[in-house]
Amino acid sequence: MRIPDFALERFFARWEFAVEYLLCASDVEGWPMADLLALADDEAAGLWHDLRLGYAESTGHPLLRAEIAELYDRVGPDEVLVFAGAEEAIFCLTSVLLGPGDHAVVTWPGYQSLYEVGRAAGAEVTLHELREADRWSLDVERLIAAIRPETRLVVVNAPHNPTGMLPTPAEWARLGDACADRGIHLLADEVYRYLELDDAEPLTAGADLFERGISMGVMSKSFALAGLRIGWLATRDRDLLDRCARMKDYTTICSATPSEILALIGLRARDRVLARSRRIVADNLAILDDLIQRRADRFSWVRPRGGSIGFPRLLGDEPIDAFAARLVEAEGVLLLPGSQFGHPGNHFRIGFGRENLPAAVERLEVFLDRG
Ligand SMILES: Cc1ncc(COP(=O)(O)O)c(C=O)c1O
């Protein structure tokens with residue numbers, strides 16, 4: 001398979017472990033192992049203690065699939081397939097659903113694999129552009145108008161990376177109905193689910209919307225356990241899930257057994273896990289609100305409605321790539337220029353899931369004051 005570089009991941013490969021302040025990370029501060037284990041109930045603690053490091057069930061540990069199914073109203077454990085992160089799920093799903101002659105519509109700017117894997121598989125992809133002038137909102141009627149007879153898949157990431165876009169329940173239902181009427185699959189990339197901000201209404205999960213709705217989740221973002229590399233697909237379309245399982249035989253075969261048990265612990269304790277994530281995100285967002293208000297001459301943004309990232313604009317004449325390069329050099333603070341998404345504006349991704357955000361913002365302000 002020939003596929004272009006994943007620009008954002010190459011950018012992180014260069015910088016992620018070389019800088020002090022990752023002010024553009026999309027995940028929430030990872031749990032320390034000991035704290036996570038302390039959340040285990042007796043059964044999960046026993047599973048961890050007695051764990052044997054053999055191969056695991058290819059579809060995922062039955063208890064983990066049952067726990068994941070609890071996140072949905074209309075999905076059973078056999079309608080869940082576990083993957084090595086959301087990334088493997090994207091790869092398997094889009095490569096089984098899309099091929100030459102097929103068409104997909106995918107939100108953009110966005111996580112590159114959501115459209116690149118389909119293209120590499122030979123399909124044509126229409127990018128549904130989110131526009132700052134529309135407050136990054138999903139233009140559902142424009143998106144539906146892009147659907148063609150050969151469209152097989154619509155992909156919407158919400159809460160959205162990088163803009164924080166979250167459709168209204170009415171927009172979401174309208175899109176679900178349009179896909180259902182046409183017999184098209186809808187992949188809802190819900191990796192930032194549960195981080196709806198300011199009481200924004202959570203959306204009905206994709207898998208609960210209609211038969212061909214697919215929810216994609218992961219432990220990395222809202223559950224703050226990126227190191228586990230555990231993600232999943234949930235859908236009532238069992239035939240599709242079976243096709244994905246057959247593709248997974250060519251990628252990882254099964255997940256890492258320790259990760260499955262640790263994910264089970266995290267999901268069973270999800271009230272506490274998510275409360276911690278929401279607290280970190282809310283505290284940090286207040287700091288960014290204040291920063292952007294005080295520095296209105298340098299930054300503007302459409303405030304995110306969900307997730308742990310936003311997409312502000314750098315004001316003035318300096319291109320964001322040059323600004324970000326000077327900043328990281330001088331202060332060790334990393335921003336992600338919009339160019340890494342192929343976006344032409346002067347925007348950058350800022351992440352507010354990390355506990356050192358207050359210190360990172362202080363360094364950013366020192367940099368701004370120095371001029
Ligand atoms: C929208 C979106 N989908 C999927 C993923 C992949 O998640 P993971 O790296 O945990 O596999 C990411 C990661 O940044 C993401 O932002």
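What you are looking at is a predicted structure, and each value in this text was computed from that prediction instead of being measured. Just so it is clear, the values below take in all heavy atoms, side chains as well, and ignore hydrogens, waters and symmetry mates. Counting starts at 1 for both ligands and their atoms, in listed order. Residue numbers run from 1 in the order of the sequence given.
Near ligand 1, residues Ser26, Gly85, Ala86, Glu87, Ile90, Tyr111, Asn157, Asn161, Asp189, Val191, Tyr192, Val218, Ser220, Lys221, Arg229 come within 4.0 angstrom through at least one heavy atom.
Arg212 has its side chain out of reach of Leu186: every pair of non-hydrogen atoms, C-beta onward, lies at least 4.5 Å apart.
In this structure, the side-chain contact (heavy atoms from CB on, under 4.5 Å) partners of Arg135, at least two apart in sequence or on a different chain, are Val302. Scored by the salt bridge (Lys or Arg N to Asp or Glu O under 4.0 Å) test, Glu260 finds no partners at all (sequence neighbours excluded).
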Practice task
Go through the steps for Tyr194 and Phe223 under the test ring-ring contact (aromatic ring centres under 6.0 Å, His included), then give the verdict.
Solution key: CA-CA 9 Å; Tyr194 308 109; Phe223 294 103; 5.7 Å; yes
Contacts under 3.5 angstrom, residues 5-12 side chains, donor-acceptor by atom type, not counting sequence neighbours:
from: Glu9; atom 1: OE2; to: Tyr111; atom 2: OH; distance (Å): 2.8

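For the ring-ring contact (aromatic ring centres under 6.0 Å, His included) with His347, the qualifying choice from Phe341, Phe311, Phe299, Trp301 is Phe311, the only one to do so.
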